[in-house]
Amino acid sequence: DDDPAKVERANLVGAAVRQALPLGRTTRLLEVGAGTGLLTQALRDVVGPVTLADTSAGMRAVMMRDSLGSRSSATRTPRSPTCEGEISST
């Protein structure tokens, strides 16, 4: 995301999550309504497998391009009112 305020907010939330929860490489993360995946970016160095979900195909494309890079794989899930697909990283 190119918006510095959004990046800063995601980093602040990520720092709060790091303080509040015992995270480690065996911690699995599910970010629902992930948008561009900024929160996952703030946490990905301290967690294990990550799944990002968003109903917007455009947001999922951005996730693949910017958030996870080569660590990611995309799988399609059946369309439903809440989830059209998911982006996973292991």
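All heavy atoms count here, side chains included; hydrogens, waters and symmetry mates do not.
Closest of all the heavy-atom pairs between Ala10 and Ala42 is O-CB, 3.8 Å. Nearest heavy-atom pair, Gly33 versus Asp54, reported as atom, atom and distance to 0.1 Å: C-OD2, 3.4 Å. Thr27 and Pro22 make their closest contact through OG1-O, 3.9 Å (heavy atoms, listed as atom of the first residue, atom of the second, distance).
Take Asp3 and apply the side-chain contact (heavy atoms from CB on, under 4.5 Å) test, not counting sequence neighbours, and it matches Asp1, Ala5, Lys6. Partners of Arg18 by salt bridge (Lys or Arg N to Asp or Glu O under 4.0 Å), not counting sequence neighbours, listed by chain and number: Asp45. By the side-chain contact (heavy atoms from CB on, under 4.5 Å) test, Val17 is found to be paired with Val13, Leu21, Leu23, Leu43, residues two or more places apart in sequence or in another chain being considered.
Remark: the backbone N or O of Val47 is paired with a side-chain donor or acceptor of Arg25 at under 3.5 angstrom.
Using a 4.5 Å cut-off on side-chain heavy atoms (C-beta onward), Met59 and Thr36 make contact.
With rounding to the nearest 0.5 angstrom, the CD atom of Glu31 is 9.0 Å from the CD atom of Gln41. Rounding to the nearest 0.5 angstrom, the gap separating the CD atom in Glu8 from the CG atom in Leu38 is 12.0 Å.
For the side-chain contact (heavy atoms from CB on, under 4.5 Å) with Thr40, the lone residue among Leu30, Leu29, Thr51 that qualifies is Leu29.
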